[in-house]
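What follows is one structure encoded as structure tokens, with my remarks underneath.
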Amino acid sequence: MSASGTPGVAGTGGTGAGPALVGYDADRERGVAVLTLDSVANRNALSRPLLDQLTALLRRAAADDAVRVVVLRANGPSFCSGADLAAVRSGAMTPIVEGVVEVQRLVVTMPKPVVARVHGTVRAGGLGLVAAADVAVGSLESSYALTEVRLGLAAAAVSLTVLPRLGDRAAADYLLTGRVFGGAEAERAGLLTRAVPEAELDVAVDAYLEDLLLGSPQGLREAKALLTAPMRARMDEFGQEMVDLSARLFTSPEARRATEALLSRTRRPR
């Protein structure tokens, strides 16, 4: 199976209660599982149903001894547009923030390398998925922004993984301005492991997979534990605090006004 998700043993994160928003393809002979965000209609926004499915499939991959490396990718023009802000209207953001933190925790603590294949637009909470991954390969054409500050919010939940990847100056730049930056800058800043032209993205991801699969399961597990120790400690110390901060900010009048204005602009007929 290539990084594009050519199936081996296929499955989805869907249940009888709703549509499948995350795909799962496992080539157990090779040892690779590919998880694909597939909520294209809302640019793979992190809704609670998507987060629940992603959580279940990350646990499935972690528990499968035949799977040695996990790939996280997405369908559609966006890798991930961040949290599903429509939930602000119903006051249901706290479960989403909790889910964002839990997914990052699962990626970081999984005893197997996780490789993010990143394309298109990545915003806010989506950067947490990229930063949590052990290897992140993105296209030069991809774009990134921590837009929370422009909505009366702070990048609290994703700070658990994003801040350890960035230097202090880069972190202040991105979190305070909310500006958009591209794949080459994301590589220089430490958010991406490597940035390549989009036409070469699958080849680059597959090259990393081949190298990772040369490692023994025990070696990969123990090396990852060493590498992620500071991030895991940060999550243990500040995880609940970041959930509480995000929940408080999302319910503030300033953030609700800004979010409503954004949703109205996004849905306005053209």
Side-chain angles (χ1 to χ4, degrees), residues 1-15 18-84 96 99-122 125-139 142 158 161 192-193 201-202 204-206 208-209 212-213 217 220 224 228:
M1 176 173 47
S2 72
S4 60
T6 303
V9 177
T12 70
T15 67
L21 303 175
V22 184
Y24 185 95
D25 294 303
D27 184 337
R28 301 182 77 246
E29 182 175 351
R30 187 185 183 198
V32 178
V34 177
L35 281 63
T36 303
L37 305 183
D38 195 21
S39 183
V40 177
N42 67 352
R43 300 176 297 152
N44 295 314
L46 299 173
S47 64
R48 188 67 220 199
L50 184 147
L51 289 164
D52 287 343
Q53 292 179 26
L54 183 54
T55 296
L57 292 175
L58 286 168
R59 288 176 174 154
R60 174 179 172 183
D64 189 342
D65 290 339
V67 171
R68 296 168 57 199
V69 183
V70 176
V71 177
L72 180 61
R73 63 180 299 278
N75 285 337
S78 293
F79 178 79
C80 179
S81 60
D84 184 5
I96 290 178
V100 170
V101 171
E102 179 62 14
V103 163
Q104 291 176 101
R105 189 188 304 275
L106 285 172
V107 171
V108 171
T109 60
M110 180 182 291
K112 306 170 184 185
V114 177
V115 179
R117 177 202 181 277
V118 189
H119 76 287
T121 54
V122 190
L127 275 75
L129 301 181
V130 177
D134 304 289
V135 175
V137 184
S139 69
S142 58
V158 299
T161 56
L192 292 180
T193 309
L201 189 52
D202 286 333
V205 171
D206 281 337
Y208 273 103
L209 295 181
L212 289 167
L213 290 167
L220 292 171
K224 176 167 179 172
T228 59

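Predicted model, so just to flag it, every value in this text is computed and none were measured.
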- Message: Could you go through R117 and L201, starting from their C-alpha distance and side-chain angles, then the distance that decides it, and tell me whether this counts as side-chain contact (heavy atoms from CB on, under 4.5 Å)?
- Response: CA-CA 8 Å; R117 177 202 181 277; L201 189 52; 3.7 Å; yes
- NE2 of H119 to OG of S139, rounded to nearest 0.5 Å, is 8.0 Å
- Start with the C-alpha distance between R68 and V32, add both sets of side-chain angles, then the distance that settles side-chain contact (heavy atoms from CB on, under 4.5 Å), and finish with yes or no. CA-CA 6 Å; R68 296 168 57 199; V32 178; over 6 Å; no
- Query: Does T228 have any side chain to side chain donor-acceptor pair (under 3.5 Å) partners at least two apart in sequence or in another chain, and if so, which?
  - Reply: R232
- Message: Testing the basics here: between V107 and K224, what is the closest heavy-atom pair and its distance to 0.1 Å?
- Response: O-NZ, 2.8 Å
- Query: Can you list the residues that meet the side-chain contact (heavy atoms from CB on, under 4.5 Å) rule with S39, with sequence neighbours excluded?
  - Reply: L21, N42, N44, L50
- Task: Side-chain contact test, heavy atoms from C-beta onward, threshold under 4.5 Å: evaluate it for V137 versus L192 and give yes or no.
- Result: no
- Note on the structure: Taken in chain and number order and not counting sequence neighbours, the residues that satisfy side-chain contact (heavy atoms from CB on, under 4.5 Å) with T161 are Q104, V108, A131, A132, M231, M235
- Query: Quick one: OG1 on T109 to CG on L58, what's the gap to the nearest 0.5 Å?
  - Reply: 9.0 Å
- With sequence neighbours left out, what residues match R48 under side-chain contact (heavy atoms from CB on, under 4.5 Å)? D52, P95, I96, E98
- Item | Donor-acceptor contact present, side-chain T55 to main-chain L51, <3.5 Å | yes
- Cation-pi, F79 ring and R73 (6.0 angstrom, 45 degrees): no
- For S78, check side chain to side chain donor-acceptor pair (under 3.5 Å) against everything at least two apart and list the hits. T121
- Rounded distance [0.5 Å steps], CG in L37 versus CG in N75: 8.5 Å
- Query: Would you call L54 and L72 a side-chain contact if the rule is heavy atoms closer than 4.5 Å?
  - Reply: yes
- Message: Going by the rule salt bridge (Lys or Arg N to Asp or Glu O under 4.0 Å), which residues pair with D38 if we only count those two or more places apart in sequence or in a different chain?
- Response: none
- Item | Minimum heavy-atom distance between A61 and A33, given as atom pair plus value | CB-CB, 4.4 Å
- Message: Give me the atom names and distance for the closest heavy-atom approach of V22 to Q53.
- Response: N-OE1, 3.2 Å
- Check the pair V135, V205 against side-chain contact (heavy atoms from CB on, under 4.5 Å), reporting the backbone distance first and the verdict last. CA-CA 9 Å; V135 175; V205 171; over 6 Å; no
- Message: Holding to side-chain contact (heavy atoms from CB on, under 4.5 Å), I want the full list of residues that pass it with A66, two or more places apart in sequence or in another chain.
- Response: R28, D64
- Test side chain to side chain donor-acceptor pair (under 3.5 Å) applied to R105 - qualifying residues, sequence neighbours left out: D236
- Closest approach of G126 and C80, non-hydrogen atoms and distance? CA-SG, 3.6 Å
- Flag the pair V34 / Y24 as yes when at least one side-chain heavy-atom distance between them is below 4.5 Å, and no otherwise. no
- Query: Is a donor on one side and an acceptor on the other found under 3.5 Å between the side chain of D84 and the backbone of L46?
  - Reply: no
- Item | Closest contact, heavy atoms only, V70 versus M110 | CG2-SD, 3.7 Å
- Query: Which residues satisfy the side chain to side chain donor-acceptor pair (under 3.5 Å) test with T193, sequence neighbours excluded?
  - Reply: none
- For side-chain contact (heavy atoms from CB on, under 4.5 Å), just list the numbers for V115 and L209, CA-CA rounded to whole Å, side-chain angles, deciding distance to a tenth of an Å, and then say yes or no. CA-CA 8 Å; V115 179; L209 295 181; 4.1 Å; yes
- Message: Going by the rule salt bridge (Lys or Arg N to Asp or Glu O under 4.0 Å), which residues pair with K112 if we only count those two or more places apart in sequence or in a different chain?
- Response: none
- Item | Nearest atoms (heavy-atom pairs only) where P113 meets L220 | CG-CD2, 4.0 Å
